[in-house]
Amino acid sequence: MSVDELVEGVLAGKRRSLARLLSLIEDEDVRAPKALSQLYRHTGRAHIVGVTGPPGSGKSTLVTQITKELRRRKKTVGIICVDPSSPFSGGALLGDRIRMQEHALDDDVYVRSMGTRGHLGGLARSTAEAVRAVDAFGKDVILVETVGAGQSEVEIIELAHTVVVTDVPGSGDDIQAIKAGIMEIADIFVVNKSDLEGAERKGAEINAMLETDIREKPWRPPVLLTNARTGEGVAELVDKISEHISCLRDSGLLEERGLQRSRDELEQMMEYKLTHQLLTELRGRPEYNEAIVRIAKRNEDPYTVAEKLVMDFLLKYREDAG
Amino acid sequence: MVTLAIESLYISTRGSPVSNPKRGGSLNSTKKIRVLVAKPGLDGHDRGAKVVARALRDAGMEVIYTGLRQTPEMIVRAAIDESVDCIGLSILSGAHMALFPKVMELLKKEDADDILVVGGGIIPEDDVPGLKKTGIAEIFGPGTPLESIIEYIQSHVRT
Amino acid sequence: MDDLERLRKGEKRWTESTLGKALRTHPERIEEFKTISGVPLKRFYTPTDVSSLEYESDLGFPGEFPYTRGVQPTMYRGRLWTMRQYSGFATAKETNERFRFLLEQGQTGLSVAFDLPTQIGYDSDNELARGEVGKVGVAIDTLSDMEVLFHSIPLDKVSTSMTINAPASVLLAMYIAVAEKQGVPMNKLRGTIQNDILKEFVARGTYIFPPAPSMRLITDIFAFCGEHLPLFNTISISGYHIREAGSTAIQEVAFTIANGIAYVEAAMKAGLDVDAFAPRLSFFFGSHSDFFEEVAKFRAARRLWARIMKGHFGAKEERSLMMRFHTQTAGCTLTAQQPDNNVVRVTLQALQAVLGGTQSLHTNSRDEALSLPTRDSVQIALRTQQIIAHESGVADTIDPLAGSYFIESLTNEIETGALKYIKEIDSMGGSPNAIERGYIQREIHESAYEFQRDVDRKRRIVVGVNEFIADETQTFDYLKVDPKSEEEQISRLMKVRDTRNEQDVEEALDLLRAASEGSENLMPAILAAVKVYATLGEICGVLRSVFGEYKAPDIL
Ligand SMILES: Nc1nc2c(ncn2[C@@H]2O[C@H](COP(=O)(O)OP(=O)(O)OP(=O)(O)O)[C@@H](O)[C@H]2O)c(=O)[nH]1
Ligand SMILES: [Mg+2]
C-alpha cells in the first residue's frame, strides 16, 4: 500500500488502513512519518483522555465502561492500550483487549494494543503518533490506557488533555506514592472497585491530600467512586471528563498547552534533524575520529572541540546560503 | 516528553538521537511479529492457548489474547484492528469444522486473507485436509512442541 | 542411642561407602529425581522419614477419622467402586442408547456429559451455539429432551452424575421432573451434580453468572436437597479440571479444598447448619501419571479435608468429615500419537485411583485425545476397571500401600504443601478472592508452562510424543457427531416451543424473575418453569438479566 493510499484510506474511515498505518508507526517504517505529515492538518480534533493507575486497578474495565457511556452520548471512540514488553524477549502479552469485548463489533469503536518495546514512562515510543493517526481517523474521543506500572508514568500528561488516575480501596500505603508523583498528573481521581470495602475512606484520604495543595488553579481534581464491573459512577466520570476539557478551553489553558506542545514538538524535531545532519556529516571523516582519539588521550578537551565543530558546521551553512 | 518523528528519524528523549544505529536506519528495523491467539466457540479449555501465547511472547512476538467465547466475527475484527500477522485458533470442543471455515470466510470478505492462520486443539486428522482447503495454513495437534509452532510462524508470516 | 539414631548412622555409612562406590562406577540416570509435580525424591525412604507419624491420629482405621485409610470400614471388600463412564453426545436419543448399552455391559452408574451450549445456558438455536450443539455432550433444551434421555431407565434404580455447573439447578429440576413422571419421588433419587462454579472460574470456563449469585444458586441447591433429596450429592468439588489445566498434585488438592472451604462458608453464612449439608458434599479428582504421588495425593486429600471439617468448622456428623470422591483418569496424559498406548496409561491411572480409595471411577478411552470415544474404546476402558476389580486382587485389602515409608512420607508432604497454599489463599480472604485476583489461575498457568517446557526439552519423556516416536497414520475409527444432529435438535426445540402453553411459560418465568430479584430459594421457581417446558435458555436468560454475566479476570 502506498503512502497516498494509506492516507486516503484513513481519511475515508477504513479500519484496515488505520490498522496498517499504526503498524508502520510502531515498526518505525519510513512511510509512517510521510503519512503522518499528510494527515497532520486533519488532527487536533479528538479529546485525548489518559487512564493510568496501578496494575489491576481496573483501567481496562473502566475504559470499556467509559466507552459504553460515550457511545450512549453518540461519541465515537478510539482506544489505545499499552502493555509492557518483556525486557528479555522483546515480546509482549497484550491482554487489555480481553476486557473490551463488549465493543468488539461496534464500528464506531477502534481498539488497538501496543507493547512498550523497551520504552519507559508508561507508553510506547510511538503511542503519541498512534494517537495522532486515530485522531486523523476521526474518532471523537481517544482513550489511552497506560502500562500501569504505577510509577513515573508522567508521559501521559504530555499526550492527553485529560488524565484520569485510577486507584482502588485498600491499605492507604499508596497515598504516599500518589503524593510523590501521580498527584501532579491527575485531572480526575477515580477510586474504582467501589464495591469493595474502604472505597469511601480512600476517596476521603485522596481528598484530604488534595486539600494540602493550596495553589490557585482553574481546575481542582475531583475524586469519584466507580464500580467498573457494573458501571456505577461512570456517567459522572464522563461528565467530569467533558467538564475538564471545557474548563481547559474556557480558561485558555487548552490553547496555551497546544502552543507549548507544538513548540516542544517542533524543537525536538529540529534538534533531531540538526544533530542528525551534523553527525552524518562528521562521522566517517578521518579528522573527526582523530579528534576523538586526541580527546581520549587528553591532548584536547571535548568542550573546545564541540564548540569548534558546531561553529564550523553553522558557518558552512551560512556561506552556502549566502 | 512525548516523542514524535519525521521521516525515518526517530527521537528518544532518553539518550542521544543517533545512539541506536538500528533505529531510524534500515526499513522495518523494529518490526515485531504480532499474533492473535483466539478461542472461538464456547469451550473453556484455554490451557493450550495460554501456554502457546506465553511461548510466542517468550520468542519475541507480540501476542494479543482475547479470552474465551469469541465469535468468528469478533476474531476477524480483532485481527484486522490489531494488524496481526498471524491468527492462532484453538478449539477442543469439536466445533472446528463449523467455526474455522467461518473465520476464513470472513477474512476473505474483509480482504484480509493474507494473514497466516493456524489452528490447534483436538482435531482429527481426517478433518485436516478440509480445513486446509479453506485456507488454514497448518494444524498443530496435541503434543506439538512449542518450538515447532514458533518456528512455523516465524518462517511463514508475510514479510 | 535410639533406633532412629542408629538408622541415621547406618544410612550415613551406606551413603559414604556402598553408595559412593556404586556411583563412581554407575552414575544415576539424571541428577535430580522429582515427582511429576516437582516434589524432590530421595533414593529410598526409611523409618526416619516418617518418624513424626502417629498411627492413630494420622492414619487411623478404615471408616474412621481422619479417613486416611478410606471412608468405609470395609472399602472394596464390601462393595466395589462405582464404575461410571462419562458419556453423552449428540442428541438425547443417541445418548439414551449409549446409556442403555453401558448398563447392559455392567456399568453401575450413569454419568451425563452435556454439550457446551447447555453448560452455558444457551438454547441450541442460539447464535453462539453454532457448531457446538451435541459436540462434547448431549444437548438439552427442555424437559422434553430430558424425558428422552432417561427413557426406559428407572431413576429409582440408577445413580446419575451430571457434569453441569452454572445451570445446575435447571438440569436438576428437569431430572426431578422426569422422575416424577416415572412415579419416582425426589427423596429416592441418587446421583451427583457437579455444581462447582469456582473451578469453572479458574479452570474450565463454563461459567455464566458472577460469583455472588452463583454462590447463591449453589447454596439454594444445598438447602433444597437437604430437605427433599437426601440421597443426592449436591456438589462435586472438582480438582480434576484444575489438574487438567496444568496444576501440580499439591495444587490440585489445595485449590480443590480451598474451594470446598468457600462453599462450606457460604452455606453456613446462608444459615445452614454444617452437618445439614456437609454429608452430601462430594469431590472429584484426576488420576495423573505419577503413580505413587497420586496414591499419596488421594490419601492426603482425605486426611486434610477431615481435619479441616472437624477442627475448623466443628462438624460433628461422621459423614460431614468424609471426603468421598470420584476419579477420572487424566485426559491430558492421553496422547494422540500411538493411541493404543493410552490403554496402558489408563490402566496404571485407574490402579492408582483404586489404591487411593476412590468411590467411583471413570477410565478414559484410548481415542479421547482425538475425539469422542467409540463404543469399542469405551468398552475397553470399562473392561480395564473390571479387570482391576476382579482379577488383580488389589481390591481385597484395604489401603494396601499404607505403611510404606515412601507413601506415608509423600502423603505428609502433599498434605503440608497443600495446607501452605490453603493458608495463603485464606490470607487473601478465601478462594473467591484469590480467584478474583487471578492468583490461583496464575499458579496453575505457571505449572502448565513449566511442564510443557520440560516436555519440549525432553526433561520429561512422553512415550510416542517426544521419544519412541513412530511413523504412523491415524487408522482410527472416530466417532463423529453428525452435523445434522444440530439441525435435528433445533427442530425438536421448535416443536416444543410450538406445542407448549405459552402463557404458563410466561407466568413461570415472571415468578422466577421475582424470586431471583428477592432472596428466596430459587429451586421451586425453576422446577415450576421446567415443568411447563420453559427452555434452559429462557430460564438462564431471566437469571442473566437479573444477575448479570461473569467476566473472567483472564490472567496471562
Ligand atoms: N470488584 C470489582 N472488580 C473490578 C472492578 N473494576 C475492575 N475489576 C476487576 O479487576 C480486575 C482487573 O481489571 P483490569 O480492568 O484488567 O485492570 P487494569 O488496571 O486494566 O489491569 P492491567 O492492565 O493489568 O494493569 C478484573 O478482574 C476486573 O474484573 C470494580 O469496580 N469492582
Ligand atoms: Mg488493563
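So you know, we letter chains A, B, ... as the sequences are listed, proteins then strands, and number each from 1. Worth saying up front: this structure is predicted, and the values here are computed from it rather than measured.
- Looking only at heavy-atom pairs under 4.5 Å with chain C, the residue among B:Ile122, B:Ile91, B:Thr144, B:Asp127 that has the most is B:Ile122.
- Partners of C:Glu244 under the salt bridge (Lys or Arg N to Asp or Glu O under 4.0 Å) rule, at least two apart in sequence or in another chain, do not exist in this structure.
- Contacts classified as salt bridge (charged side-chain N to carboxylate O under 4.0 Å, His left out) and involving residues 128-144 of chain B (residues at least two apart or in different chains) are given here: B:Lys132-B:Glu138.
- Listed here is the closest heavy atom pair of B:Glu147 and C:Asp456: N-OD2, 4.0 Å.
- In terms of heavy-atom pairs under 4.5 angstrom with chain C, the leader among B:Glu73, B:His96, B:Arg57, B:His45 is B:Glu73.
- What you find for B:Thr71 and C:Arg130 is that their closest heavy atoms are CB-NH2, 4.4 Å.
- At a threshold of 4.5 Å between non-hydrogen side-chain atoms, the residues B:Met97 and C:Lys135 do not count as touching.
- Looking at C:Glu368, the atoms closer than 4.5 Å to chain B (heavy atoms on both sides) all sit in the backbone: N, CA, C or O.
- Between C:Val465 and B:Gly143 the shortest heavy-atom distance is CG1-O, 3.7 Å.
- With hydrogens and angles ignored, the 3.5 Å screen pairs no side-chain donor or acceptor of C:Glu132 with any backbone N or O of B:Ser93.
- Looking only at side-chain heavy atoms (C-beta outward), B:Arg47 and C:Phe451 come within less than 4.5 Å of each other.
- In terms of heavy-atom pairs under 4.5 angstrom with chain C, the leader among B:Gly121, B:Ala98, B:Gly141, B:Ala55 is B:Ala55.
- For a residue to count as touching a neighbouring chain, one of its non-hydrogen atoms must lie under 4.5 Å from one of that chain's; by this rule B:Arg69 touches chain C with the side chain only.
- Listed by sequence position, C:Ile120, C:Tyr122 are the residues of residues 119-127 of chain C in contact with chain B, using a 4.5 angstrom heavy-atom cutoff.
- Here the shortest heavy-atom pairing between C:Ala336 and B:Pro142 reads CB-CG, 4.0 Å.
- Every residue two or more places apart in sequence or in another chain was checked for a salt bridge (Lys or Arg N to Asp or Glu O under 4.0 Å) with C:Lys199, and none qualifies.
- For B:Leu99, the part sitting under 4.5 Å from any heavy atom of chain C is the side chain, from C-beta outward, and nothing else.
- In terms of non-hydrogen atom pairs under 4.5 Å with chain B, the most contact-rich of C:Leu128, C:Thr335, C:Asp115, C:Ile444 is C:Leu128.
- Using a 4.5 Å heavy-atom cutoff, the side chains of C:Gln452 and B:Pro145 are not in contact.
- There is no contact between B:Gln70 and chain C, counting heavy-atom distances below 4.5 Å.
- Within the 4.5 Å cutoff, the side chain of B:Val52 has no heavy atoms near those of the C:Tyr449 side chain.
- Residue B:Ser148 does not touch chain C at all, counting heavy-atom pairs closer than 4.5 Å.
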